[in-house]
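All figures in this text were calculated on a predicted structure; none of them were measured in a lab.
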Amino acid sequence: MEIETYVASLASSTPTPGGGSAAAIVASMGAALVAMVARIVASNPKYADRHDLANDLLAKAEKLRQRSLAARHEDERAYGLVVAATGLPKSTPEEKTARVTALQSAFAQAATAPLAAAEDAKLIATLAERALALGNAHLFGDLGTAAEFASAALASAAMNVRGNHSYMKDRALIEKQTALLERYERECASLVARVRFEVSRAFART
């Protein structure tokens with residue numbers, strides 16, 4: 001789907017794509033920026049001593065870029081399950097029970113999808129922070145943007161996780177997912193803060 005078509009679809013009255021899907025797109029752009037920086041450094045003889053790091057970052061960034069794009073479809077699929085379960089009949093006690101069971105299963109899947117996306121966003125922030133070591137200050141703005149995209153994607157994914165938790169009754173699953181989510185948030189915040197600091201310092205020297 002072309003980006004113009006996707007954004008138009010996002011702006012439409014249909015429930016999907018929605019926030020989780022858009023967050024995955026933002027994450028993929030963060031990964032793409034890390035990949036771009038790594039490619040430029042890997043192709044420049046001036047940075048020969050950092051080519052191994054650049055190629056390692058490139059491979060990891062490309063994997064996360066593709067995984068984030070796939071996460072967009074997974075988020076849309078998971079939310080579709082919620083929509084489908086909401087539309088189930090509820091005229092009899094048996095139908096009501098079946099509907100509640102289907103909804104709880106759907107909400108659990110709808111929380112699991114953005115939780116995985118949140119972890120990937122944290123990993124993208126990790127790559128942006130590691131890429132500072134490539135040493136090309138001309139590209140630090142791109143790494144800063146990558147880190148900010150990762151941070152925004154994680155924050156958006158976290159809202160979707162917690163939003164689905166508000167409808168779930170499985171306290172054990174909620175607590176497990178919340179602990180993971182809070183860890184991703186702490187780790188990402190630390191990484192992004194370091195990238196911001198180094199980018200600001202590099203800009204101050206120019």
Cluster overlap Ile174 with Tyr167, hydrophobic side-chain contacts below 4.5 Å: yes
Pair Arg171 + Glu175: basic N to acidic O under 4.0 Å: no
Donor-acceptor contacts, no H, no angles, side chain residues 19-30, under 3.5 Å, sequence neighbours left out:
residue: Ser21; atom: OG; partner: Tyr6; partner atom: OH; Å: 2.6
residue: Ser21; atom: OG; partner: Glu76; partner atom: OE2; Å: 2.8
residue: Ser28; atom: OG; partner: Ile25; partner atom: O; Å: 2.6

Tyr47 reachable from Leu57 in the ILVMFWY side-chain graph, under 4.5 Å edges: yes
4.5 Å side-chain heavy-atom contact, Leu143 and Leu132: yes
Residue pairs fulfilling salt bridge (charged side-chain N to carboxylate O under 4.0 Å, His left out) with at least one residue in residues 29-40, sequence neighbours excluded: Arg39-Glu62
Non-hydrogen atoms of Leu10 and Pro17 that approach each other most closely: CD1-O, 3.5 Å
Exceeds 12 heavy-atom contacts within 6.0 angstrom, atom CG of Asp52: no
Lys169 to Gln104 - nearest heavy-atom pair and separation: N-OE1, 2.9 Å
Heavy-atom pair with the smallest gap, counting every atom of Arg130 and Leu53: NH2-CD1, 3.3 Å
Partner residues of Arg50 under the side chain to side chain donor-acceptor pair (under 3.5 Å) criterion, sequence neighbours left out: none
Straight-line distance of Thr86 OG1 to Phe107 CZ, nearest 0.5 Å: 5.5 Å
Over all atoms of both residues, closest heavy-atom pair of Gln177 and Ala108: NE2-O, 4.4 Å
Polar side-chain atom of Asp75 near backbone of Ala71 as donor-acceptor pair, under 3.5 Å: no
Heavy-atom check, side chain of Ser68 versus side chain of Ile124, under 4.5 Å: yes
Linked hydrophobic residues, Leu115 as query - side chain contacts closer than 4.5 Å: Leu154, Val161, Leu180, Leu181, Tyr184
Pairs where residues 147-158 contributes a residue and the test salt bridge (charged side-chain N to carboxylate O under 4.0 Å, His left out) is met, not counting sequence neighbours: Glu148-Arg196
For Gly144 against Val195, the heavy-atom pair lying closest together: CA-CG1, 3.8 Å
Leu139 CG to Leu134 CG distance, which is reported to the nearest 0.5 Å: 8.5 Å
Single-linkage hydrophobic cluster Phe203~Val37, side-chain heavy atoms < 4.5 angstrom: yes
Cluster check Phe140, Val34: I/L/V/M/F/W/Y, side chain < 4.5 angstrom: yes
Distance in Å, Leu127 CG paired with Lys122 NZ, rounded so as to fall on 0.5 Å steps: 10.0 Å
Val82 to Ala110 - nearest heavy-atom pair and separation: CG2-CB, 3.9 Å
ILVMFWY cluster, Leu81 and Met168 together (side-chain gap under 4.5 Å): no
Check against side-chain contact (heavy atoms from CB on, under 4.5 Å), Glu94 and Thr97: CA-CA 5 Å; Glu94 292 77 15; Thr97 298; 5.8 Å; no
Atom pair CG (Leu173) and OG1 (Thr112), whose distance is rounded to the nearest 0.5 Å: 6.0 Å
CD-OG distance between Glu185 and Ser151, expressed to the nearest 0.5 angstrom: 9.5 Å
With Lys90 via side chain to side chain contact (heavy atoms under 4.5 Å, CB included) - residues at least two apart: Lys96, Arg99
Sub-4.5 Å side-chain heavy-atom contact between Lys60 and Thr126: no
